[in-house]
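Structure, as structure tokens:
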Amino acid sequence: MPHNGIDIDTYILLTIYPIISFFAIGFVGRKFNLDEALKYFFQGVSCLLFALFYIVMIPRGGAQGLAIVLILFGILLLFMARKHKISPKDQTL
């Protein structure tokens, strides 16, 4: 079976790094009472930056699948930030 450039333990770490940043941004946002739209924006941008980094820096496309998922999740978070900024009262759960 061909090798994709990274080992499974490296792939697991590449999965954990965006999760840590995502929850860290949420924690800092809650600690400093940031607006939800701003939190979503920063989380979306961090996902997109991780995806860009994975596409550019990981050899032989070893994390392209993870990068695609991060791009989709980042775009979703940016749309959520926009929706929350436009109508913040409609966001009751």
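As the structure is a prediction and not an experimental result, all values here were calculated from the model.
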Nearest heavy-atom neighbours spanning His84 and Ala37: ND1-N, 3.8 Å
Same apolar cluster (I L V M F W Y, side chains within < 4.5 Å links), Ile25/Phe53: no
Heavy-atom donor-acceptor pair, Tyr40 side chain to Asp35 backbone, under 3.5 Å: no
Joint cluster assignment, Leu76 & Phe23, ILVMFWY side-chain distance < 4.5 Å: yes
Side chain to side chain, Phe50 and Ser21, heavy atoms closer than 4.5 Å: yes
Nearest-0.5 Å distance that lies between atom CD1 in Ile20 and atom CZ in Phe27: 14.5 Å
Ile8 with Tyr17, same ILVMFWY side-chain cluster at under 4.5 Å: no
Side chains of Leu66 and Tyr11 in contact at under 4.5 Å (non-hydrogen atoms): yes
Leu77 and Leu48, any side-chain heavy atoms less than 4.5 Å apart: no
From Leu38 atom CG to Asn33 atom CG, the distance as rounded to the nearest 0.5 Å: 12.0 Å
Within one Ile-Leu-Val-Met-Phe-Trp-Tyr cluster: Ile68 and Ile58, side-chain cutoff 4.5 Å: no
Nearest heavy atoms of Arg30 and Lys39, plus distance in Å: N-CD, 4.2 Å
Min side-chain heavy-atom separation Phe22-Phe73 under 4.5 Å: yes
Taking every non-hydrogen atom, the tightest pair across Cys47 and Gly74: CB-CA, 3.8 Å
Spacing of CG belonging to Leu70 relative to CD belonging to Gln64, to within rounding of 0.5 Å: 13.0 Å
CA sep, side-chain torsions, deciding dist, call: Ile55, Ile71, side-chain contact (heavy atoms from CB on, under 4.5 Å): CA-CA 11 Å; Ile55 290 171; Ile71 288 170; 4.1 Å; yes
Spacing of Arg60 atom CZ and Ile6 atom CD1 [to the nearest 0.5 Å]: 10.5 Å
Spacing of Met80 atom CE and Gln43 atom CD [to the nearest 0.5 Å]: 8.5 Å
Transitive ILVMFWY side-chain link Tyr54 to Leu49, under 4.5 Å: no
